[in-house]
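No experiment lies behind these values; they were computed from the predicted model shown.
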Amino acid sequence: MADASSGVSGSSQNSSQNSAASAQQSQAAAETTEARLAGATAVNAPATPAIDAVTAAPVDLSVSVSALAQLNTMTVNTPALDFSLPATLGGVPTATYADIALSAPTTAVTTPAVEEFNAFSPTFSIDGFNAADIDNTDIANVGVNLGVSYTGDVNATLNARMGLTSPPGVTISGSIGFNNGFDTLDLSATAGPFGTAAAPNYSATVKGSLDLGNLNAFDFAGTANFNTAQGFQNGNVSLGLTRNFSENLSGYTRGTVGFDREGVNSVTGEVGLNYNENGISAGFTGRSSVDTRTGDTTSYFGVRAGGKF
């Protein structure tokens with residue numbers, strides 16, 4: 001007769017063995033997975049650099065005997081120490097504000113240069129009156145002058161003269177002159193009077209002198225007159241020569257030709273002699289003029305003398 005309890009026990013034992021085998025298989029699979037992950041991590045990790053040992057070459061610090069002999073023969077110029085410097089504190093010289101002010105470089109104040117130049121100056125004068133006899137002065141000859149002038153290498157004037165007649169008239173004049181040592185040139189012009197019943201007149205003048213050297217000088221002059229009614233009226237041209245015979249004695253000769261709208265109307269010749277010494281002066285003048293249309297001759301001779309004492 002069979003044993004019922006033995007059959008049950010056999011089945012339970014087989015079940016226990018199967019469970020133990022499954023547990024062992026699961027643990028083996030887990031260990032295999034962990035091994036695979038560890039291998040992958042090791043492959044992706046950066047490589048550790050290798051360290052190469054370098055052996056340094058020895059340095060020779062010894063000095064040769066020949067170098068020592070050359071150093072021994074060299075001479076060194078050692079300057080003498082100067083102990084006259086100010087006392088120092090920590091290597092910094094001690095000084096007062098006065099010492100610093102005295103030792104500081106002084107810069108002289110430069111006065112700016114003032115550039116001077118000539119400018120036009122106003123002018124005012126009254127002319128035409130008789131200073132010796134004011135009561136008998138003709139009011140028609142009196143005029144008031146207003147203008148400006150410039151003096152320098154170039155001289156220039158501009159003037160307006162107003163007569164006191166009724167109606168009053170205004171005459172305008174101007175001049176410009178160039179002076180270069182002994183050489184001169186002057187240009188002038190006049191226009192007026194304006195405001196009167198008569199037609200205004202116009203005139204232009206040029207004159208100058210040239211240094212010819214050897215105590216000789218040449219001068220020239222020319223004048224022309226015009227008016228608004230008829231145009232050109234008359235004029236003249238003159239040429240002269242001056243000679244210095246000595247420091248005190250000089251002479252000159254000059255010729256003048258006059259002309260009008262119809263041509264030459266006069267010829268004038270003049271000579272002169274001048275003497276000056278110690279404030280005493282004397283002179284002689286001779287002049288002769290010929291009217292070319294009528295043939296009439298006019299002559300003049302004069303002597304003058306003067307002195308300052």
Side-chain angles (χ1 to χ4, degrees), residues 118 121 123 125-134 137 141 143 145 149-157 159 161 173-190 203-225 234-259 264-292 294-309:
N118 293 324
S121 302
T123 60
S125 65
I126 300 175
D127 60 11
F129 62 89
N130 188 350
D133 190 1
I134 298 295
T137 297
N141 296 327
N145 297 277
S149 65
Y150 176 89
T151 302
D153 294 337
V154 177
N155 301 324
T157 62
N159 185 71
R161 183 183 188 274
S173 62
S175 66
I176 184 170
F178 304 90
N179 187 357
N180 183 15
F182 294 100
D183 299 336
T184 62
L185 177 64
D186 296 299
L187 306 173
S188 61
T190 303
S203 66
T205 300
V206 55
K207 62 180 180 179
S209 64
L210 300 175
D211 181 19
L212 303 179
N214 297 327
L215 306 178
N216 293 306
F218 171 74
D219 62 85
F220 59 92
T223 300
N225 299 306
N234 54 65
N236 61 77
V237 175
S238 65
L239 303 174
L241 182 65
T242 302
R243 168 73 177 182
N244 294 325
F245 300 102
S246 66
E247 183 179 356
N248 303 316
L249 182 63
S250 64
Y252 69 92
T253 180
R254 180 170 293 106
T256 303
V257 177
F259 49 90
V264 176
N265 55 20
S266 65
V267 177
T268 301
E270 181 179 349
V271 294
L273 194 65
N274 297 311
Y275 178 81
N276 293 277
E277 185 174 8
N278 297 328
I280 298 175
S281 62
F284 164 79
T285 301
R287 182 186 308 114
S288 181
S289 180
V290 178
D291 188 333
T292 59
T294 63
D296 295 338
T297 300
T298 303
S299 299
Y300 167 82
F301 298 94
V303 178
R304 62 175 177 81
K308 294 181 181 180
F309 302 95

### Message
With rounding to the nearest 0.5 angstrom, report the CG to CG distance, L212 to L210.
### Response
6.5 Å
### Task
Could you tell me whether the side chain of F218 reaches within less than 4.5 Å of the side chain of D183, counting heavy atoms only?
no
### 4.5 Å side-chain heavy-atom contact, D219 and K207
no
### Query
Partners of Y275 by side-chain contact (heavy atoms from CB on, under 4.5 Å), sequence neighbours excluded?
N248, L249, E277
#### Entry: Contacts of T157 that satisfy side-chain contact (heavy atoms from CB on, under 4.5 Å) - sequence neighbours left out
S149, S175
### For T190, all residues meeting side-chain hydrogen bond (donor to acceptor under 3.5 Å, both in side chains), sequence neighbours excluded
none
### Query
Taking all atoms of both residues into account, what is the closest heavy-atom pair of T268 and R287, and its distance?
CG2-CG, 3.7 Å
### Query
E270 and Y252: side-chain donor and acceptor closer than 3.5 Å?
yes
### Query
Taking atom OG1 of T184 and atom CZ of F178, what is their separation to the nearest 0.5 Å?
11.5 Å
### Query
Do S281 and N274 touch side chain to side chain, with heavy atoms closer than 4.5 Å?
no
### Query
Is the backbone N or O of S246 less than 3.5 Å from a side-chain atom of N244, with the two atoms forming a donor-acceptor pair by type?
no
### Summary
side-chain contact (heavy atoms from CB on, under 4.5 Å) filter on L187, not counting sequence neighbours, yields I176, V206
### Summary
By side-chain contact (heavy atoms from CB on, under 4.5 Å), T253 pairs with (sequence neighbours left out) L241, V271
### Query
Is there a donor-acceptor contact under 3.5 Å linking the side chains of D127 and N145?
yes
### Task
Check step by step if side-chain hydrogen bond (donor to acceptor under 3.5 Å, both in side chains) holds for S289 and T298.
CA-CA 5 Å; S289 180; T298 303; 5.8 Å; no
### Query
Can you list the steps and then say if L273 with F245 is a side-chain contact (heavy atoms from CB on, under 4.5 Å)?
CA-CA 10 Å; L273 194 65; F245 300 102; 4.2 Å; yes
### Those residues that, when tested against R243, pass salt bridge (Lys or Arg N to Asp or Glu O under 4.0 Å) (two or more places apart)
none
#### Entry: Interatomic distance, Y150 atom OH to S121 atom OG [nearest 0.5 angstrom]
10.0 Å
### Task
Please determine which of T205, N234, N236 meets the side-chain hydrogen bond (donor to acceptor under 3.5 Å, both in side chains) test together with N225.
N234
